[in-house]
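Worth saying up front: this structure is predicted, and the values here are computed from it rather than measured.
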Amino acid sequence: MPTDQVTPVGILALDVGDDLGELARVRAWARAELRDLPEAVLMDTILMLDELLSNALRYGTPPRQVRLLRRRGRLRVEVDDSGTAPATPRPPSETGGRGLALIAACATAWGQEHHDDGKTVWAELDVSGSNVSGATADTAFSGRGTG
């Protein structure tokens, strides 16, 4: 589902530098912003974000950005880079090839969109049952915006 078809309750974006050290910073950022989610949902989200971003860092080109989009019952992770090569699953090997399979196993849906200036690879989680009180799935982000 293209970003413009998601009706978000909250959107957070973070620009990402050009080295693998950024993975730790992005994980910490997401963990802090999503602290209201149950640990199991948070772990799936962090895993998906980590896999999508590590692919963008290894195979994509700058600039890069990650986004977390929250809407009723859904959490979507998006990673942009300016590379034109599609994200393509490959057979597992000693050097990798498991990332997109992990995404497919964790996500409700995942895909990619190609733009004139690059691509967005995204994955979405169903978080509708993640909160007993019912507030988490609809809670907007704290409003800190683009980082």
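- Without hydrogens or angle criteria, Glu78 side chain to Arg67 main chain gives no donor-acceptor distance under 3.5 Å.
- At least one donor-acceptor pair under 3.5 Å links the side chain of Lys119 to the backbone N or O of Ala85.
- Under the salt bridge (Lys or Arg N to Asp or Glu O under 4.0 Å) criterion, the residue pairs touching residues 38-54 are Arg27-Asp50, Arg31-Glu39, with sequence neighbours excluded.
- Side chains of Thr61 and Asp81: no donor on one and acceptor on the other come within 3.5 Å.
- Shown here for Val79 and Ala56, the closest heavy-atom pair between the two residues is CG1-CB, 3.6 Å.
- Leu42 CG to Leu47 CG: the interatomic distance, rounded to the nearest 0.5 Å, is 11.0 Å.
- Atoms CG and CG, from Leu53 and Leu23 in turn, are 5.0 Å apart once rounded to the nearest 0.5 Å.
- In this structure, CH2 in Trp29 is found 5.0 Å from CG in Leu14, a value given to the nearest 0.5 Å.
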- Task: Go through the steps for Val77 and Leu52 under the test side-chain contact (heavy atoms from CB on, under 4.5 Å), then give the verdict.
- Result: CA-CA 9 Å; Val77 174; Leu52 292 176; 4.0 Å; yes
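- Contact between Arg64 and Gly17 at its shortest, heavy atoms only, is NH1-O, 3.8 Å.
- Scanning all heavy atoms of the two residues, the minimum distance from Ala30 to Ile46 falls at CB-CD1, 3.7 Å.
- To the nearest 0.5 Å, atom CG of residue Leu69 and atom CG of residue Leu75 are 8.0 Å apart.
- In this structure, His114 and Pro86 approach most closely via the heavy-atom pair CE1-CA, 3.6 Å.
- Residues Val127 and Arg74 are not in side-chain contact: their nearest non-hydrogen atoms beyond the backbone lie 4.5 Å or more apart.
- Taken to the nearest 0.5 Å, the CG atom of Leu68 stands 8.0 Å off from the OG1 atom of Thr45.
- When atom types are taken as modelled, the side chain of Gln112 and the backbone of Ala87 share a donor-acceptor pair closer than 3.5 angstrom.
- Shown here for Arg58 and Leu20, the closest heavy-atom pair between the two residues is NH2-CD1, 4.0 Å.
- Of the possible polar contacts, none joining the Thr120 side chain to the Asp80 backbone as a donor-acceptor pair under 3.5 Å is found.
- Separation of atoms CD1 (Ile103) and CG (Leu49) is listed at 9.0 Å; rounding is to 0.5 Å.
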